[in-house]
Asker: 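My questions will all concern the structure given below.
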Amino acid sequence: MAIRVLQFFSTLNNGGAENRMMDVYRCINSEVVTFDFAVLHNGKHFFDDEVKLKGSEKYILPDPRNGLLKNYKALVDFFKEHSFQAVHTHVSWYGGVVLMAAKQAGVKIRIAHARDSVIPDRSWKERIVCDIGKVLIALSATQRIAISKEAAENIFGKRVVKKGSYLFVPNAIDQKKYIVLKEEERNALREKLGIPVDRKAYVTVANLRKQKNHMFLLDIAKALKDKGDNFILYLIGEGDLRTNIEQKIAELNLTNNVVLMGSRGDVPKILCAFDGMIFPSLFEGLGGVILESQLVGVPAIVSDAIPRVVDVGIGMVEYLSLNEDTSVWADVIINKTSCFDWDYDRTLQTFKDRGYCIEVTAQKYLKEYGISENTISEAMIK
């Protein structure tokens with residue numbers, strides 16, 4: 001009988017945290033260790049079919065915004081009704097509520113995962129909620145995991161970071177999924193994607209929400225156009241701001257320069273077709289897509305709100321302040337995507353040396369779930 005571990009998310013859509021954990025799950029024989037998933041939003045989600053094929057269950061829990069006490073009672077009842085070896089939360093401060101309920105219900109292994117760095121300009125209410133979450137995590141988590149120091153400080157607090165009372169596990173990626181093509185094959189892929197042969201192709205892979213700073217990104221695109229850069233910017237992702245983004249594209253006369261590609265499941269196969277990644281996020285716990293771009297040889301120009309640990313040190317990442325003029329961003333993008341040195345074998349070895357390969361991360365998680373070395377060996381798909 002399989003050991004069952006609950007992964008707790010807000011949704012099972014195509015976001016960074018969900019993608020990383022699905023990469024981990026694909027390394028694991030689900031007949032030995034099964035990940036079940038709990039979410040807060042009903043409806044069809046991006047990964048539903050895949051987790052069902054793995055023999056996993058998806059549970060819908062009440063949204064805490066509709067009543068936290070009602071939500072907490074439902075969580076306690078849920079954990080009492082099911083038998084999980086461990087609970088692993090990926091929901092920021094709210095993980096404290098989930099793990100407190102799991103503790104009350106008798107779940108022995110309770111893991112809080114910090115994935116986001118500090119949100120700028122938080123209201124006093126948001127700061128209080130976050131502080132309460134930190135206290136609940138301190139009282140209920142048996143282990144804290146973070147993808148960066150910045151994420152750990154945000155979710156667990158600076159005191160925890162100072163004491164080193166958390167486990168740093170980088171957001172590894174499944175390097176086997178990411179395709180690097182020879183020039184002729186890459187040109188064929190660009191043609192398939194509709195990228196004109198005479199134009200640069202920039203890309204941003206991010207959900208269309210405020211954190212990802214698409215409005216500033218479009219201002220950068222306008223500056224690129226004003227400088228005569230012959231480019232198309234491809235936006236991969238979906239979200240609530242799509243209509244606002246479409247309106248601003250029209251207002252800035254960028255209809256021929258910006259393409260919204262929607263949410264895609266083939267990013268690992270198409271990422272190498274682009275000439276540069278632009279990623280001006282307001283905040284990130286890590287920024288895993290920047291790892292992906294480095295792996296396939298796409299230089300990344302990113303905001304200085306991105307943790308430095310995401311740069312693996314092969315000269316493919318350029319950091320810029322969000323206070324810099326968009327004209328400066330445009331100059332750096334043009335220069336960086338025109339002149340850089342990259343080698344796949346050297347890059348892959350660097351990823352392995354830094355622990356960014358997925359098999360290492362999968363084994364670390366299984367160990368934290370209290371699974372024996374023999375069972376871990378049996379669970380890993382060879």
Side-chain angles (χ1 to χ4, degrees), residues 15-17 19-20 92 114-122 146-155 170-171 173 200-227 229 231 233-237 239 241 244-245 248-249 252 254 257-258 267 271 274-295 298-338 340 356:
N19 265 300
R20 297 290 79 81
S92 190
R115 294 185 175 277
D116 287 324
S117 58
V118 175
I119 301 172
D121 304 320
R122 283 191 296 198
I147 62 174
S148 67
K149 176 185 174 184
E150 291 85 350
E153 287 182 344
N154 180 37
I155 305 301
N171 243 355
I173 58 178
K200 273 187 174 180
Y202 304 133
V203 66
T204 299
V205 183
N207 291 329
L208 308 183
R209 50 194 175 97
K210 184 178 178 181
Q211 171 192 352
K212 305 302 182 179
N213 209 10
H214 284 86
M215 297 305 175
F216 183 69
L217 175 63
L218 294 178
D219 289 333
I220 295 171
K222 179 65 165 59
L224 286 164
K225 183 177 180 180
D226 290 345
K227 288 179 180 291
D229 193 23
F231 75 96
L233 171 63
Y234 294 85
L235 307 183
I236 299 178
L241 292 181
N244 302 72
I245 290 168
K248 183 158 185 174
I249 289 170
L252 296 179
L254 292 172
N257 295 91
V258 181
V267 171
L271 191 54
F274 298 97
D275 299 299
M277 168 80 67
I278 310 174
F279 206 73
S281 283
L282 296 172
F283 62 94
E284 291 287 342
L286 184 71
V289 71
I290 301 164
L291 284 176
E292 298 169 14
S293 71
Q294 292 172 87
L295 182 62
V298 177
I301 299 86
V302 308
S303 77
D304 60 2
I306 309 295
R308 300 279 167 163
V309 70
V310 79
D311 181 357
V312 301
I314 56 172
M316 294 292 288
V317 180
E318 196 77 38
Y319 286 88
L320 282 173
S321 169
L322 291 171
N323 294 322
E324 285 282 9
D325 191 83
T326 54
S327 177
V328 174
W329 276 78
D331 286 338
V332 172
I333 290 165
I334 292 168
N335 293 332
K336 187 69 177 180
T337 56
S338 300
F340 60 91
Y356 280 121

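These figures come from a predicted structure and were not determined experimentally. In what follows, every heavy atom counts, from backbone to side chain, and hydrogens, waters and symmetry copies are set aside.
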Asker: Could you walk me through whether S303 and W329 satisfy the side-chain contact (heavy atoms from CB on, under 4.5 Å) test, starting with their C-alpha distance in whole Å, then the side-chain angles of each, then the deciding distance to 0.1 Å, before giving a yes or no?
Answerer: CA-CA 10 Å; S303 77; W329 276 78; 4.2 Å; yes
Asker: Give every residue pair that meets the salt bridge (charged side-chain N to carboxylate O under 4.0 Å, His left out) criterion with at least one member in residues 311-330, sequence neighbours excluded.
Answerer: E318-K336
Asker: Side chains of K212 and T204: donor-acceptor distance under 3.5 Å anywhere?
Answerer: no
Asker: Would you call H214 and K248 a side-chain contact if the rule is heavy atoms closer than 4.5 Å?
Answerer: no
Asker: Can you check whether I147 reaches P170 side chain to side chain, under 4.5 Å on heavy atoms?
Answerer: no
Asker: Quick one: do V302 and S281 satisfy side-chain contact (heavy atoms from CB on, under 4.5 Å)? Show the steps, please.
Answerer: CA-CA 8 Å; V302 308; S281 283; over 6 Å; no
Asker: Taking side chain as C-beta onward, heavy atoms only, is Y356 less than 4.5 Å from I173?
Answerer: no
Asker: Do the side chains of K225 and D229 get close enough for a salt bridge, i.e. N-O under 4.0 angstrom?
Answerer: no
Asker: Under the criterion side-chain hydrogen bond (donor to acceptor under 3.5 Å, both in side chains), I'd like the reasoning laid out for Y202 against N257: C-alpha separation, chi angles, the key distance, then a yes or no.
Answerer: CA-CA 10 Å; Y202 304 133; N257 295 91; over 6 Å; no
Asker: Measuring from atom CE of M316 to atom CG of L291, what distance do you get when rounded to the nearest 0.5 angstrom?
Answerer: 12.5 Å
Asker: Apply side-chain contact (heavy atoms from CB on, under 4.5 Å) to V317 and R308, showing your working.
Answerer: CA-CA 10 Å; V317 180; R308 300 279 167 163; over 6 Å; no
Asker: Supply the atom-to-atom distance D304 CG to Y319 OH, rounded to the nearest 0.5 angstrom.
Answerer: 9.5 Å
Asker: Apply salt bridge (Lys or Arg N to Asp or Glu O under 4.0 Å) to R20 and list each qualifying residue two or more places apart in sequence or on a separate chain.
Answerer: D23, E292
